[in-house]
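Nothing fancy with the numbering, it's 1 onward along the sequence. Each ligand, and each atom within it, is numbered from 1 in the order the structure gives. Predicted, not measured: the structure shown is a model, and the values here were computed from it.
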Amino acid sequence: MTTELRRTRMVGLGGFVPERVVKNDDLKQWMDTSDQWIQERTGIRERRWVDWDKKIGSSDLAVEASKRALSDAGMVPKDIQMVIFATLSPDHLFPGTGVFLQRKLGIPVGAAVLDIRQQCTGFIYGTSIADQFIKTGMYDRILVIGAEVHSTGLDLSTRGRDVSVIFGDGAGAAIYAPAVDDVSYIISSHLHADGNSAEDLWTEYPSSKEMPQLDPAEVAEGKTRHFPQMKGRQVFKHAVPRMAESVFEALARNGVPLADLKMLIPHQANLRINEYVQKQILGLPDDRVYNNIQRYGNTTAASIPLALYDCRREGKVQKGDLVCLAAFGAGFTWGSVLMKL
Ligand code: UT7
């Protein structure tokens, strides 16, 4: 006897970015950089950063994105049975940010709340986890969030400019439920990691390996281990083939030709990475790859749901369209989700 598993579909989608717009030229008040360098190397024109005086955390941005996703799904917070929260910029070291979202949004006490990291691939991993819980019948309504407040944790001096000009704050949320037809459902998800390059993109400190104190002498010497550090070129070199592989893997596993793909939603780390993958490897026209990094910078776990949200709002994808989500980021981690929207 074979048991047919259920399928999962996305029933709600929401995105949110803070109001404060930080243009490339605005960054010059902290560091030696230029609009021309940033646009040429990354495609970014501006990003949104939270208002630092207001103590806004990832959970606060997530609340707004989740409200939009709930409204899109025609649901209220008490409908949610499980939260999967992906962030590398948690409100606090522990507990995970998901419980703060649960409390602020009014998701019922007793619901399951799971925090994951997985950085830029966080939304892909979160979606895949949700898919498994729904397929097996354990839950019917799962909220998956990617949210980041990067701006409070960046080295804004010239020393940190290669990293700090890239990152933006934002949140994206999706609600998953059992599929009801063959029009709209998750086809497959593909998750990967390689810890050999973990230190190529990381924030080393605070660390449980050491007593939690910042040595002022170290900071003065520029050993800023509490800020994110990136070997940009190394990361770039891995990002291009891994993103492309992730797309090919999803298509090949399902015997779907690239020609059938309506839209690729790549992680928004660098417009040059996405254009290289699009033009040099996949050979897709501009209207089949969506980018919004120009407006938001790299919002890590939030970037894919935010891009999908904007893409759908602009009418470029609709229910039933074949969409591939693909990401690569710190860890390294990478992966993809193929779905009929
Ligand atoms: O989301 C997670 C995954 N992340 C990624 O996929 C990011 C991958 N990497 C990248 O996107 C690129 O490596 C960066 C955008 C981070 C950097 O671009 P790059 O072309 O690799 O530049 P670089 O780091 O090799 O630096 C080139 C030059 C250096 O000057 P010299 O040594 O040639 O004189 C840097 O000091 O550009 C300088 N530079 C800057 N100049 C102005 C670095 N950052 C800046 C800046 N403004 N913000």
Side-chain angles (χ1 to χ4, degrees), residues 22-47 49 86-89 117-125 146-151 153-170 172 192-194 197-203 222 224 227-246 265-278 281 291-294 296-307 325-336:
V22 178
K23 294 191 175 296
N24 290 342
D25 278 335
D26 297 334
L27 297 169
K28 290 202 252 179
Q29 64 191 288
W30 297 290
M31 66 190 82
D32 179 14
T33 190
S34 68
D35 178 49
Q36 189 189 355
W37 190 97
I38 299 170
Q39 289 216 40
E40 277 176 14
R41 304 281 176 141
T42 71
I44 299 166
R45 291 197 301 266
E46 60 190 41
R47 74 282 297 133
W49 282 358
T87 185
L88 69 70
S89 49
R117 297 250 180 138
Q118 281 60 45
Q119 304 71 243
C120 305
T121 320
F123 187 76
I124 301 284
Y125 268 76
E148 308 284 359
V149 173
H150 287 306
S151 63
L154 299 171
D155 181 354
L156 292 179
S157 72
T158 296
R159 190 178 49 219
R161 64 184 177 175
D162 58 325
V163 173
S164 54
V165 301
I166 296 172
F167 288 105
D169 303 338
H192 303 288
D194 174 4
S197 302
E199 291 87 356
D200 283 358
L201 176 49
W202 72 330
T203 301
T224 47
F227 289 129
Q229 313 283 329
M230 174 164 66
K231 293 186 184 140
R233 292 200 173 188
Q234 278 296 104
V235 179
F236 196 108
K237 265 192 248 160
H238 284 87
V240 168
R242 292 302 194 198
M243 292 269 277
E245 266 171 48
S246 301
I265 309 278
H267 167 53
Q268 306 289 301
N270 185 324
L271 192 59
R272 279 162 56 216
I273 294 176
N274 292 355
E275 287 184 345
Y276 194 91
V277 171
Q278 175 203 331
I281 305 182
N291 291 300
N292 62 2
I293 190 172
Q294 301 90 331
Y296 302 145
N298 180 349
T299 58
T300 307
S303 99
I304 286 184
L306 258 181
L325 318 177
F328 174 86
F332 294 145
T333 57
W334 65 98
S336 56

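Residue Arg161 holds the heavy atom nearest to atom 38 (C) of ligand 1 of all those in Arg41, Arg161, Gln36, Gln268. If you check each of Val163, Thr158, Asn270 against atom 10 (C) of ligand 1, the one with the closest non-hydrogen atom is Asn270. When Trp37, Phe236, Phe167 are checked for heavy-atom proximity to atom 17 (C) of ligand 1, Trp37 turns out nearest.
The shortest contact between atom 47 (N) of ligand 1 and any protein heavy atom is with Thr33 OG1, 2.7 Å. The nearest protein atom to atom 6 (O) of ligand 1, hydrogens excluded, is given as Ile273 CD1, 3.2 Å; this is a heavy-atom distance. Scanning all protein heavy atoms for the shortest distance to atom 1 (O) of ligand 1 gives Asn298 ND2, 2.6 Å. Met230 SD, 3.8 Å is the protein heavy atom nearest to atom 7 (C) of ligand 1. For atom 5 (C) of ligand 1, the closest non-hydrogen atom on the protein side is Val235 CG1, 3.5 Å.
Within 4.0 Å of atom 29 (C) of ligand 1, not a single protein heavy atom is present. Within a 4.0 Å radius of atom 33 (O) of ligand 1, the protein contributes no non-hydrogen atoms. There is no protein heavy atom less than 4.0 angstrom from atom 24 (O) of ligand 1.
Between Arg242 and Glu245, at least one side-chain nitrogen of the basic residue sits less than 4.0 Å from a carboxylate oxygen of the acidic one, meeting the salt-bridge criterion.
Atom OG of Ser336 and atom CD1 of Ile124 lie 6.5 Å apart (nearest 0.5 Å). A distance of 11.5 Å separates CD in Glu46 from CG in Asp25, rounded to the nearest 0.5 Å.
Gln39 and Asp35 share a side-chain donor-acceptor pair at under 3.5 Å. A donor atom on one side chain and an acceptor atom on the other are not found under 3.5 Å apart for His150 and Ser89. Under 3.5 Å, the side chains of Thr299 and Glu148 contain no donor-acceptor pair of N or O atoms.
In this structure, Met230 and Ile166 have side chains that are in contact, with non-hydrogen atoms separated by less than 4.5 Å. Looking at Asn298 and Arg47, their side chains never come closer than 4.5 Å, going by heavy atoms from C-beta outward.
Contacts with ligand 1 closer than 4.0 Å are made by side-chain heavy atoms of Arg272 only, the backbone lying farther away. At a heavy-atom distance under 4.0 Å, atoms from both the backbone and the side chain of Asp162 approach ligand 1. Contacts of Leu201 with ligand 1, taken as heavy-atom pairs under 4.0 Å, involve the side chain alone. When heavy-atom distances to ligand 1 are checked against a 4.0 Å cut-off, His267 comes that close only through its side chain, counted from C-beta outward.
Distances below 4.0 Å separate heavy atoms of Val165 from the following atoms of ligand 1: 48 (N). For ligand 1, the atoms closer than 4.0 angstrom to any heavy atom of Ile166 are 16 (C). Each of the following atoms of ligand 1 lies closer than 4.0 Å to a heavy atom of Thr42: 15 (C).
Side chain of Asn24 to backbone of Ser34: no donor-acceptor contact under 3.5 angstrom is found.
Remark: ligand 1 and Gly232 share an N or O pair separated by less than 3.5 Å (distance only, no angle test).
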Just do the side-chain hydrogen bond (donor to acceptor under 3.5 Å, both in side chains) check on Asp32 and Thr158 with the steps written out, would you? CA-CA 5 Å; Asp32 179 14; Thr158 296; 5.4 Å; no
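More than 12 heavy atoms of other residues, nucleotides or ligands lie within 6.0 Å of CD in Gln29, so this atom counts as buried by the packing criterion.
The closest approach between Cys120 and ligand 1 falls below 4.0 Å for a heavy atom of the residue.
Ring planes of Phe328 and His238: parallel class, angle under 30° (limits at 30 and 60°).
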